[in-house]
Amino acid sequence: MLEPIFQQPGTKIFLQTKDKGYSYSWLQQKLKKTAGLFKDLNLNQGDRLFLAVSDEVDMSALFLASLVCGVVVIIGDPDMKSPRAKAIITRSNPACIIADKASLERWQSELPESCKVLPYIKEKAAKPGLLSKFLKKETTESSSTDIIGLLEKATAIEILPSELPTDALAYIIFTSGTTAESKGVAISRENLSAHLATLKKVYNLDESGNLLNQLLLHHADGCIQGPVLAAYTGCTWHRPSRFSIEKIPELLDYCYANNISHALMVPAMLNMLVQFADGYEDSFLYPEFKALISVSAHLEAPLWDKFEDLFKMKISNVFGLTETVAGSLFSGPSTGTYKKYTVGKPVDCEIRIVDENFVETEHGAGELCLRGKHIMKGYWRDEVLTAEAFKDGWFFTGDLAKKDADGYVTIVGRKKNLVISGGINIQPEEVTECLLSHPAISEACAVGMPDEVFGERLVAAVVLKPNAVTNAMELVEYCRQLLDDKKVPTKIFILPELPKGASGKVELNTLKQSLQQVQPAKQQTNGQSLGRVLAIAAEAFQIPAERLSIKDTSNTVGGWDSLAHLSFVTALEEQFNTRFTTAEIITMNSIQKAVHLVEKKQSSANHS
């Protein structure tokens, strides 16, 4: 499956970062040394390895080595909180854990005694994040680690396995599970190999390609359509930096300078390119560029129009799930599949759109079902969930779709409650369960609300117990202690009751409509700029105003990520009746800078 790794010229670049290129010769030696390490650790074909390493170079090499050697990787997020780590490790029961030292220290009480645990520490190990923490700087740790030391001592194995059972597992990704029962997507080598062949064909990607993919490596679109797809096709994978607002001009310059042929992004990234690409409208108009591919989340029609109008090019749209490796339906870039506002047509698989009685619909909406070699056989050691997901060999996606007379498919909604925010899948039940564990809360419900930038924004509504006293910001802080950062609600509403139907279940649509009508309190327009900016920042970042000061920056405020930053900027513009330029928005990385820009705008307005 990954033979092309050893067929490329040794000097050819496999991975290009901002500052360094890693050749195929480097990768070949890394795989051989890692195979030797696995032998020393007595990790054999079929054994499970839990892998959660934030250094993206070594994470990709360890994952590829595992695929080559037949070791089953459980792909983990180094930043996950202890309850989720416990759920995944308990469910997967790995023979070995390789993870960041800081992660292992955080999970210490959850680690099984029977498992080999190897810490990873490396200088400048960066914290991962889809859109990065806004202006987050890398941190420097110790220069030596157990795992790196063991790799250096390991004897390289020159002859690696040439054939492995196709029905054997390749990797497992757990798509949900905090304190709730976790759900593991188990992908076989046959699933992976079949879909890699499809991606290579659909994208027309070969050894001459330059593939840009900056998505999270602990998510399917990041790891499979990044290092694995590059290794499978023999092309060069580019990961110059983490995607963030302030680096957009640098990223677009990089694409042109490095002849990027294929770029994979989530809709939230595309939205930010539209907003912060002044003067870069011709960034993809060079001969070598073949495809800009939207993955992971629904691509809304208005964004589709804005992007194509601004950059004068077509977006290719992909529909897939973790359960289908990384895709199933494609609207472009291959001929005959592209149609705007759709997810195109199935490639190398079959589809059915059925009603609740499993009767296929003609042109009406129904649940999208898939069948093909790339679809998982089932959830890891969970017969109940697997039986719910499959019927007569068809996988039920939970997405509602319709097909037009020409065979193009449009996604029109979801049956399941999954929230997709910035390309990140969030099970709202996890957040609800977390809130219900708070001693002041009697009822809770987390839902996704429409958001122009991130597609959806996760919010929650709660009902307090009689005589209980708390506030929304305290509840957000409570969630931060138990949930992964990306799952913390951007807003928590305290309501007297939740709308319920006759069965006693919360009526989600009614709740969403109610929350849309709840307007945040307007900040007072009188007073000094600093006080007003601090009040706006407290609302945007969900932090008590008394904990903020003019010295705070995006590095010191826990809730100051890209989504909150845009909310902060928008609120400042509304409250001070002004508009910031792209450059000002990008560099507004501190309270002091925000105050300075506001006062500068006000001064200019007073003198005009």
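Source: prediction; values computed, not measured.
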Close side-chain approach of Q16 to R239, heavy-atom, < 4.5 Å: no
With sequence neighbours excluded, residues passing salt bridge (charged side-chain N to carboxylate O under 4.0 Å, His left out) with D451: R457
Closest non-hydrogen atom pair between A61 and L31, with its separation: O-CD2, 3.7 Å
Residue pairs fulfilling side chain to side chain donor-acceptor pair (under 3.5 Å) with at least one residue in residues 311-325, sequence neighbours excluded: E323-Y379
Atom CD of Q592 with >12 non-hydrogen neighbours under 6.0 angstrom: no
Close side-chain approach of M269 to L215, heavy-atom, < 4.5 Å: yes
Heavy-atom donor-acceptor pair, H238 side chain to I260 backbone, under 3.5 Å: no
Any donor-acceptor N or O pair under 3.5 Å, side chains T553, N589: no
Reference residue L15; test side chain to side chain contact (heavy atoms under 4.5 Å, CB included); the match among W26, W237, Y24: W237
Straight-line distance of Q8 CD to T233 OG1, nearest 0.5 Å: 8.0 Å
Close side-chain approach of L483 to K81, heavy-atom, < 4.5 Å: no
Pairwise side-chain contact, L515 with V447, heavy-atom cut-off 4.5 Å (strictly under): yes
Main-chain N/O of V185 paired with Y171 side-chain donor or acceptor, under 3.5 Å: no
Carboxylate-amine/guanidinium proximity below 4.0 Å for D206 and K201: no
Polar side-chain atom of Q214 near backbone of S241 as donor-acceptor pair, under 3.5 Å: yes
Pair K18 + E250, salt bridge at N-O below 4.0 Å: yes
Side-chain donor-acceptor pair present, S554, H565, cut-off under 3.5 Å: no
Y254 backbone acceptor or donor facing N258 side chain under 3.5 Å: yes
Nearest atoms (heavy-atom pairs only) where L51 meets F63: CD2-N, 3.9 Å
Any donor-acceptor N/O pair, S66 side chain to L62 backbone, under 3.5 Å: yes
Closest approach of N213 to G226 (non-hydrogen atoms, all atoms of both residues): ND2-N, 3.6 Å
Point-to-point distance, once rounded to the nearest 0.5 Å, from CG of L270 to CD of Q275: 11.5 Å
Working for side chain to side chain contact (heavy atoms under 4.5 Å, CB included), residues I426 and S421: CA-CA 7 Å; I426 305 170; S421 182; 4.3 Å; yes
From CA spacing to verdict: side chain to side chain contact (heavy atoms under 4.5 Å, CB included), L199, Q225: CA-CA 8 Å; L199 293 175; Q225 300 203 81; 3.7 Å; yes
Sole residue of L217, D100, L64, I98 in side chain to side chain contact (heavy atoms under 4.5 Å, CB included) with M59: L217
Audit row: E584, K601, salt bridge (Lys or Arg N to Asp or Glu O under 4.0 Å) steps and yes/no: CA-CA 11 Å; E584 288 170 338; K601 296 283 186 181; 3.0 Å; yes
Spacing of L27 atom CG and F14 atom CZ [to the nearest 0.5 Å]: 5.0 Å
Aromatic ring proximity F289/H262, centre distance under 6.0 Å: no
Polar side-chain atom of T397 near backbone of L368 as donor-acceptor pair, under 3.5 Å: yes
Side-chain (N191) to main-chain (I375) donor-acceptor, under 3.5 angstrom: yes
Approximate separation, where rounding is to 0.5 Å, of L211 CG and T236 OG1: 9.5 Å
K551 NZ to S590 OG distance, which is reported to the nearest 0.5 Å: 13.0 Å
Note, F174 side chain near S92 side chain (heavy atom, < 4.5 Å): yes
Interatomic distance, K101 atom NZ to R106 atom CZ [nearest 0.5 angstrom]: 13.5 Å
Summary of side chain to side chain donor-acceptor pair (under 3.5 Å) pairs that have at least one residue in residues 287-307, sequence neighbours excluded: D221-S296, W304-E308, D305-K340, D305-Y341
Salt bridge flag under 4.0 Å for residues D58 and K30: yes
salt_bridge(R84, D484) N-O dist < 4.0 Å: yes
Heavy atoms from other residues, nucleotides or ligands near OH of Y256 exceed 12 (cutoff 6.0 Å): no
Stepwise side chain to side chain donor-acceptor pair (under 3.5 Å) test for H374 and S328: CA-CA 8 Å; H374 67 303; S328 289; 2.8 Å; yes
Chi angles and distances behind the side chain to side chain contact (heavy atoms under 4.5 Å, CB included) call for I293, F330: CA-CA 10 Å; I293 304 159; F330 301 84; over 6 Å; no
Distance-only donor-acceptor check, side chains K593 and T587, under 3.5 Å: yes
